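As the structure is a prediction and not an experimental result, all values here were calculated from the model. Position 1 is the first residue of the sequence, and the numbers go up from there. Only heavy atoms go into these numbers, but all of them, side chains included; no hydrogens, no water, no symmetry mates.
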Amino acid sequence: MTVPTGGTVLVGIGNPDRGDDGAGPMVVREVARRLGPAAAVRVVERARPVDLPDLWRGVACAVVVDAVVGSAVVAVREVAADDADLLLGAGTGSHGLGVADVVALERALGRLPGRVVVVGVPAAAFGHGAAPGPVPTAALADAVAAVLAALATD
């Protein structure tokens, strides 16, 4: 599950069978479609926050897309390994261990990639067996644009 040293990994956090929790994979799938198979980005459509350390080991940049409760717009947060502030909200959400928790732990262990971009997609409902609803679907174009912009600056 590791990627080449110095590369970029794009990770969708979430479960497509848990309603809006599938926002991360939904956005990553669309970005991958637009990038095409020749893209120099490793794409992991579906993962859990706890998978991130293995997925970003050895990469220069990690772009992580996850559902965010309580946000009305797509939120983009960039975190450098040497930032003084984490810039991410705490909370574990439906994953048990949240993206912010993993970023904080990896920073403390000195294993954070040089650049981490977290794209938060608005979410509201997380029912079992449901597809992403209207909240993340309405934000899809903005989230895809945010991810493509983050990848373009790497």
Side-chain angles (χ1 to χ4, degrees), residues 3 7-35 39 41-56 59-109 111-127 130-154:
V3 298
T8 298
V9 65
L10 169 61
V11 182
I13 299 292
N15 182 344
D17 298 323
R18 292 275 327 262
D20 294 354
D21 192 47
M26 176 177 69
V27 169
V28 168
R29 184 174 34 258
E30 178 59 20
V31 169
R33 186 189 70 74
R34 291 187 188 191
L35 291 175
V41 174
R42 166 94 188 269
V43 177
V44 179
E45 187 176 307
R46 180 177 171 181
R48 302 166 300 157
V50 71
D51 299 327
L52 288 172
D54 287 334
L55 294 172
W56 67 32
V59 303
C61 177
V63 178
V64 179
V65 185
D66 195 9
V68 177
V69 177
S71 177
V73 297
V74 172
V76 179
R77 303 262 170 34
E78 187 158 342
V79 180
D82 58 354
D83 280 344
D85 298 314
L86 185 56
L87 302 176
L88 294 171
T92 59
S94 63
H95 305 295
L97 184 68
V99 172
D101 301 316
V102 172
V103 170
L105 177 61
E106 288 292 284
R107 175 182 285 141
L109 295 173
R111 299 188 314 207
L112 197 63
R115 180 171 180 247
V116 176
V117 179
V118 179
V119 177
V121 183
F126 298 88
V135 174
T137 302
L140 178 64
D142 289 341
V144 168
V147 170
L148 290 170
L151 293 172
T153 59
D154 185 48

Would Val59 and Arg42 satisfy side-chain contact (heavy atoms from CB on, under 4.5 Å), going step by step from the backbone distance to the final call? CA-CA 10 Å; Val59 303; Arg42 166 94 188 269; over 6 Å; no
Look at the side chain of Arg77 and the backbone N and O of Val118, then say whether any donor-acceptor pair between them is shorter than 3.5 Å.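 Flag not set: sc Arg77 to bb Val118 has no pair under 3.5 Å.
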Enumerate donor-acceptor pairs with a distance under 3.5 Å from any side-chain N or O in residues 140-149 to protein atoms, sequence neighbours excluded.
none

Contact summary for [X] and [Y], nearest pair of heavy atoms:
{"X": "Gly14", "Y": "Pro16", "answer": "O-CD, 3.8 Å"}
{"X": "Val28", "Y": "Glu45", "answer": "CG1-CA, 3.8 Å"}
{"X": "Ala47", "Y": "Val44", "answer": "CB-CG1, 4.2 Å"}
{"X": "Leu55", "Y": "Val9", "answer": "O-CG1, 3.9 Å"}
{"X": "Ala150", "Y": "Val63", "answer": "CB-CG2, 4.3 Å"}
{"X": "Met26", "Y": "Pro132", "answer": "SD-CB, 4.2 Å"}

Let me confirm one number: the CZ-CG distance from Arg48 to Asn15, rounded to the nearest 0.5 Å. 11.0 Å
Rounded to the nearest 0.5 Å, what's the gap from CZ on Arg46 to CD1 on Ile13? Could you check? 11.5 Å
Under the side-chain contact (heavy atoms from CB on, under 4.5 Å) rule, what do Val27 and Val119 come out as? Steps first, then yes or no, please. CA-CA 10 Å; Val27 169; Val119 177; 5.8 Å; no
Taking the side chain as everything from C-beta on, heavy atoms only, tell me whether [X] gets closer than 4.5 Å to [Y].
{"X": "Leu151", "Y": "Val31", "result": "yes"}
{"X": "Val79", "Y": "Arg107", "result": "yes"}
{"X": "Glu106", "Y": "Val116", "result": "no"}

Exactly one of Val102, Val103, Asp101, Leu109 should register a side-chain contact (heavy atoms from CB on, under 4.5 Å) with Leu105. Which one does?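 Exactly one pass, corresponding to Leu109.
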Sorted by chain and number, sequence neighbours left out, side chain to side chain contact (heavy atoms under 4.5 Å, CB included) with Val135 holds for Asp20, Pro122, Ala124
